[in-house]
Amino acid sequence: MLNEKQLEIINATAPVVAEHAETIASTFYPLMFERYPHVRSMFNMRHQQTGEQPRALARSVVAYALNRHDPEALERLMRPIVNKHVAINLQPDQYSIVSECLMAAIGEVLGDAVTPEIADAWSGLYWEFAERLIDAEEATYRALEEAPGGWRGERDFTLVDRVPESEEIVSFYFRPADDQPVRTFQPGQYLGVALDIDGEQSLRQYSLTSRPNDDGYRISVKREGQGRASRHLHDHVNVGDHIRLLAPVGEMVLDARDAPVMLISAGVGQTPMLSLMAQALDAGRQVIYLHGARNARVHAFGDHLKAMAEQYGSQLTYRYVYSEPESTEEARHKGIIDRALLTDYLPREVTPSCYFTGPTGFMRDVDNALAALGIDTPYRHFEYFGPSGELH
Ligand SMILES: Cc1cc2nc3c(=O)[nH]c(=O)nc-3n(C[C@H](O)[C@H](O)[C@H](O)COP(=O)(O)OP(=O)(O)OC[C@H]3O[C@@H](n4cnc5c(N)ncnc54)[C@H](O)[C@@H]3O)c2cc1C
Ligand code: HEM
């Protein structure tokens, strides 16, 4: 725990640290990869180039300093971080590496302004946060391991099927290599996939698109033009191949209300919606699903969703729009998901539970539109497909 003196120092220096937080974070990562090259494979280097990961780290430390006495705010801050860390199998001893390199980066950016007392106070804050994360991560590892079919760290799976869902998306079906049951999951959750690509490990996360069961998992992956892991999965992973998976985690799960559920996705953001939709329908909830794709060629799961809409009748409304239709038939569905469309489909009588995923700009627009339409924060659930950012 931080002492009074350290707290005073943190309060006094927080504005200058916050002002330089992103520079500190962007100095920190290259320094850490140079000193400890082995941790590099845990990170998605693209998130470094775009600055998303340095920004996420910087924002979380500042948010921690502001919310360290508010248990609810802390839970909201820590849960996505803990899940992401568990999905990459982060270990407690790796926190010393980050501590050393973060303090060196603070020194490098702020120079002589960092007296030993200031360094000591910020190091104290880091370790207080780190210990909370380490405890929460250990509790999560233990829960995952102790659940039926559960395990800790990586487990060997076999690819048993791969099915194209659109020109860009392929579903991959995995069964455990030991033929034992697997831990079931909550719809909306994701798992970590460990891939060996050109002699280097890459870790990525993918939402689960199957219904929860204890036989295996399905993920559905979009092939990204320059993407390292997604191209590897599409181009080189075949039935019979072995892949290591980490147990499912994730906080974007169905709430316990019986209100209507509004699912809103763009592109591959539709993946977590599939299992959320099935769960909500099973629970007897009204579901409105709005999905946006560029055109029919990249509209994955279209036939499945249309069949579901027929099967469930008035319980499920499935509306899809194409931003770049390529035929007269497709042009009948021309549109984007904007405030006008959301207004048309938003249930009036009860506040729906809203779930949305897609590119960051899309999520920002949807979040703003829903807020303007009176959907308060607790009813707006979303998942980033990269490091968490800010929607405002
Ligand atoms: C919780 C969660 C759930 C997810 N669920 C899914 C899911 O269900 N399905 C899914 O497909 N993805 C999902 N993702 C995203 C997934 O984890 C990967 O980020 C995604 O597959 C891209 O990884 P990659 O290695 O192929 O691309 P990366 O190599 O990480 O590149 C990322 C992007 O940058 C572009 N890029 C890379 N290098 C360059 C360059 N030099 N110049 C220009 N552009 C470049 C790539 O084309 C790609 O669009 C999820 C992510 C999270 C965090
Ligand atoms: C107090 C210490 C730490 C904090 C505050 C922190 C914070 C964060 C945050 C905010 C994210 C993004 C979460 C999200 O996407 O929602 C993240 C992801 C991640 N963290 Fe940490 N972290 C800490 C320690 C560590 C350590 C010690 C390592 C390993 C050396 C590590 C490795 C990662 C990786 C690999 C990711 C995923 C990044 C990616 O997508 O490329 N973190 N962390």
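What you see is a predicted model, and the numbers here were worked out from it, not measured in a lab. We count ligands from 1, going down the list as the structure has it; atoms in each ligand are counted the same way. Counting begins at 1 with the first residue of the sequence.
Against a heavy-atom cut-off of under 4.0 Å, Pro80 is close to the following atoms of ligand 2: 16 (O). Counting atoms of ligand 1 from 1 in the listed order, those under 4.0 Å from a heavy atom of Thr271 are 7 (C), 8 (O). Close approach of ligand 1 to Val221 is summarised as follows: ligand atoms under 4.0 Å from at least one heavy atom of the residue are 11 (O). Each of the atoms 13 (C), 14 (C), 15 (O), 16 (O) of ligand 2 lies under 4.0 Å from some heavy atom of Lys84. Using a 4.0 Å cut-off to heavy atoms of Asn44, the atoms of ligand 1 that qualify are 30 (O). Atoms of ligand 2 found under 4.0 Å from any heavy atom of Ser60 (numbered from 1 in listed order, with element): 5 (C), 7 (C), 10 (C). Counting atoms of ligand 1 from 1 in the listed order, those under 4.0 Å from a heavy atom of Arg228 are 24 (P), 25 (O), 26 (O), 27 (O), 28 (P), 29 (O). Atoms of ligand 2 found under 4.0 Å from any heavy atom of Ala56, numbered from 1 in the order shown, are 10 (C).
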Go through it in stages, so that I can follow the logic: the residues are Phe362 and Thr357, the test is side-chain contact (heavy atoms from CB on, under 4.5 Å), and I'd like the CA-CA distance, side-chain angles, deciding distance and then a yes or no. CA-CA 8 Å; Phe362 166 84; Thr357 301; over 6 Å; no
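For the pair Tyr384 and ligand 1, the shortest N or O to N or O distance does not fall below 3.5 Å. Taking any N or O of Tyr126, backbone or side chain, none lies under 3.5 Å from an N or O belonging to ligand 2.
Here the options are Leu254, Leu276, Val253, Val249, the test is side chain to side chain contact (heavy atoms under 4.5 Å, CB included), and the partner is Gln186; only Val253 passes.
The shortest separation from a heavy atom of Leu57 to ligand 2 is under 4.0 Å, placing the residue in contact. In this structure, Val268 is part of the shell of residues with a heavy atom less than 4.0 angstrom from ligand 1. At least one heavy atom of Tyr95 sits closer than 4.0 Å to an atom of ligand 2.
With a 4.0 Å heavy-atom cut-off, ligand 2 is reached by the side chain of Leu133 but not by its N, CA, C or O. The part of Leu90 lying near ligand 2 is the side chain, judged by heavy-atom distances below 4.0 Å. Proximity of Asn44 to ligand 2, defined as any heavy-atom pair under 4.0 Å, is shared by backbone and side chain alike. The backbone of Ser220, and not its side chain, has at least one atom closer than 4.0 Å to an atom of ligand 1 (non-hydrogen atoms only; backbone = N, CA, C, O).
A distance-only check finds a donor-acceptor pair linking the side chain of Asn67 to the backbone of Ala63 [under 3.5 Å].
With respect to the salt-bridge test (charged N to carboxylate O, under 4.0 angstrom), the residues Glu326 and Arg297 qualify. Electrostatic pairing of Asp156 and Arg244 does not count as a salt bridge here, judged by no charged N lying under 4.0 Å from a carboxylate O.
The two atoms that bring Glu154 and Asn89 nearest to each other are N-ND2, 4.4 Å, heavy atoms only. Across all non-hydrogen atoms, the minimal contact from Ala369 to Leu342 is CB-CD1, 3.7 Å.
Looking at Ser265 and Tyr289, their side chains do bring a donor and an acceptor atom within 3.5 Å of each other. If you check the side chains of Asp214 and Thr184, you find no donor sitting under 3.5 Å from an acceptor. Looking at Ser230 and Arg223, their side chains never bring a donor and an acceptor atom within 3.5 Å of each other. No hydrogens or angles considered: a donor-acceptor pair under 3.5 Å links the side chains of Arg228 and Ser202. Arg218 and Thr209 share a donor-acceptor pair across their side chains, judged by distance under 3.5 Å alone.
Here atom 20 (C) of ligand 1 lies nearest to Tyr206 when heavy atoms of Tyr190, Phe385, Tyr206 are compared. Among His85, Gln205, Glu131, the residue whose heavy atom lies closest to atom 31 (C) of ligand 2 is His85. Here the shortest heavy-atom distance to atom 39 (C) of ligand 1, taken over Arg223, Gln226, Glu168, belongs to Gln226. When the heavy-atom distances from atom 49 (O) of ligand 1 to Lys84, Arg204, Glu224 are ranked, the shortest goes to Glu224.
Val298 and Ile336 end up in different hydrophobic clusters when Ile, Leu, Val, Met, Phe, Trp and Tyr side chains are linked at under 4.5 Å.
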